[in-house]
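Some notes on the structure that comes next.
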Amino acid sequence: MRTLAITQNITLDGSIEMLGDWFDPADQDPQLLEATNRQSERADAMLLGRQTFEDFRSYWPHQTDDRTGITDELNQIQKYVVSSTMSDPEWRNSTVLTGDWIAQVGALKGREGRDIIVTGSITLTHALIKSGLVDEYRLFVYPIVQGRGRRLFPDGYETPRLQLVEVRGFQNGVSLLHYTV
């Protein structure tokens, strides 16, 4: 069975909603970029909510001088977008999941392949957490206190103890915390 991993950029106070300018995908510490690329190499599918998908689609395919490799990776990886309103994703290697998308994601996990990663997509992330489909959390914690914004876990949600897999710090103050469920 494939691993479904939540891979999020998160503030020290737990917000994954980017209300300020605390995250810039083009401004990466070399070691942090290497860790991000290592996460991407483990995956062959990305699951996104409609809004995050549209944000990515309007930005990444149009980058012509991306030295991070993120543009190439996002153009190549199989993308699944959960949406009840989108019919044509208008980005290569993209498939729209409609209807009972929870069952469809469960079926994707059951197929042969590498990891399925989820990033951004707060509403989708909350639904996946509540459904019990999440296997791992790979959190890039930024040394920022935003003081507001939607959090990684839905209000009132409790999870059994998570198992720490990896902790790594980077020169720019970001830390990677990797947990399994």
Side-chain angles (χ1 to χ4, degrees), residues 2-11 15-98 101 104-105 107-109 111-129 133-142 149-150 152 166 168 170 172 174 176-178:
R2 296 164 83 176
T3 295
L4 189 138
I6 302 290
T7 302
Q8 292 285 8
N9 298 303
I10 186 169
T11 63
S15 178
I16 59 173
E17 186 173 15
M18 293 183 201
L19 299 173
D21 60 357
W22 57 269
F23 175 75
D24 179 356
D27 182 26
Q28 297 281 326
D29 171 292
Q31 292 176 333
L32 175 59
L33 181 59
E34 182 272 325
T36 302
N37 288 338
R38 193 176 77 224
Q39 301 288 330
S40 297
E41 289 168 0
R42 294 175 54 186
D44 64 0
M46 176 176 268
L47 180 63
L48 300 164
R50 183 197 49 81
Q51 184 62 56
T52 300
F53 178 85
E54 288 178 350
D55 291 346
F56 278 28
R57 181 184 65 194
S58 70
Y59 179 79
W60 286 108
H62 309 289
Q63 301 308 299
T64 57
D65 191 27
D66 174 23
R67 292 185 295 275
T68 67
I70 296 171
T71 298
D72 290 339
E73 184 241 328
L74 289 176
N75 282 330
Q76 297 302 320
I77 196 167
Q78 179 61 51
K79 295 165 287 294
Y80 296 93
V81 56
V82 174
S83 176
S84 61
T85 59
M86 182 182 292
S87 57
D88 182 358
E90 301 174 11
W91 192 5
R92 69 178 164 171
N93 300 325
S94 298
T95 302
V96 179
L97 301 181
T98 60
W101 63 267
Q104 293 174 60
V105 171
L108 285 173
K109 284 183 64 173
R111 291 183 192 164
E112 288 292 319
R114 299 192 309 246
D115 296 352
I116 302 167
I117 55 173
V118 180
T119 192
S121 308
I122 299 169
T123 302
L124 172 64
T125 295
H126 287 177
L128 291 166
I129 290 169
L133 287 171
V134 177
D135 302 300
E136 294 186 6
Y137 295 93
R138 302 170 188 169
L139 308 176
F140 290 91
V141 182
Y142 282 71
R150 292 182 289 170
L152 174 61
E166 177 184 12
R168 185 169 173 195
F170 303 99
N172 62 357
V174 174
L176 168 61
L177 303 177
H178 180 180

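Just so we're clear, the structure is a prediction, and the values are computed from it rather than from any experiment. All heavy atoms count here, side chains included; hydrogens, waters and symmetry mates do not.
- Residues forming a ring pair (Phe, Tyr, Trp, His ring centres under 6.0 Å) with Tyr80 (at least two apart in sequence, or on another chain): none.
- Atom CG of Asp21 has 12 or fewer heavy atoms from other residues, nucleotides or ligands within 6.0 Å.
- Screening residues 49-61 for salt bridge (Lys or Arg N to Asp or Glu O under 4.0 Å), with sequence neighbours left out, gives Arg50-Glu54.
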Criterion side-chain contact (heavy atoms from CB on, under 4.5 Å) on Thr123 and Gln51, from CA distance to verdict: CA-CA 10 Å; Thr123 302; Gln51 184 62 56; over 6 Å; no
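- Under the side chain to side chain contact (heavy atoms under 4.5 Å, CB included) test applied with Thr71, the options His62, Gln63, Gln76 reduce to a single match, Gln63.
- The distance from atom OG of Ser94 to atom CD1 of Ile77, rounded to the nearest 0.5 Å, is 10.5 Å.
- Residues forming a side-chain contact (heavy atoms from CB on, under 4.5 Å) with Thr52 (at least two apart in sequence, or on another chain): Leu48, Phe56, Ser121.
- Here Asp135 pairs with Thr3, Leu4, Lys109 under the side-chain contact (heavy atoms from CB on, under 4.5 Å) rule; sequence neighbours left out.
- Once rounded to the nearest 0.5 Å, the distance linking CH2 of Trp101 with CG of Leu108 reads 11.5 Å.
- Between Arg2 and Asp115, the closest side-chain pair of non-hydrogen atoms is not below 4.5 Å.
- We find the CZ-CG distance between Phe170 and Leu176 to be 5.5 Å, quoted to the nearest 0.5 Å.
- Separation of atoms CZ (Arg138) and CD1 (Ile10) is listed at 15.5 Å; rounding is to 0.5 Å.
- Closest heavy-atom contact between Ala43 and Ile117: CB-CG2, 3.9 Å.
- Contacts of Trp91 classified as ring pair (Phe, Tyr, Trp, His ring centres under 6.0 Å), with partners at least two apart in sequence or in another chain: Phe53.
- When atom types are taken as modelled, the side chain of Glu136 and the backbone of Ile6 share no donor-acceptor pair closer than 3.5 angstrom.
- The shortest side-chain heavy-atom distance between Met18 and Tyr142 does not fall under the 4.5 Å cut-off.
- Of the residues Thr7, Ile116, Thr119, Val118, the one that meets the side chain to side chain contact (heavy atoms under 4.5 Å, CB included) test with Met46 is Thr119.
- The line from CG of Asn172 to CD of Gln31 is 9.0 Å long, rounded to the nearest 0.5 Å.
- Taking Glu34 as the reference, Arg168 meet the side chain to side chain donor-acceptor pair (under 3.5 Å) condition, with sequence neighbours excluded.
- The backbone N or O of Arg150 sits less than 3.5 Å from a side-chain atom of Glu17, completing a donor-acceptor pair.
- Few gaps surround CD on Glu90; more than 12 heavy atoms of other groups in view lie less than 6.0 Å from it.
- Within the 4.5 Å cutoff, side-chain heavy atoms of Ile129 are placed close to those of Tyr137.
- Rounded to the nearest 0.5 angstrom, Ile122 CD1 and Ser15 OG are separated by 6.5 Å.
- The backbone N or O of Asn93 lies less than 3.5 Å from a partner atom in the side chain of Gln78, making a donor-acceptor pair.
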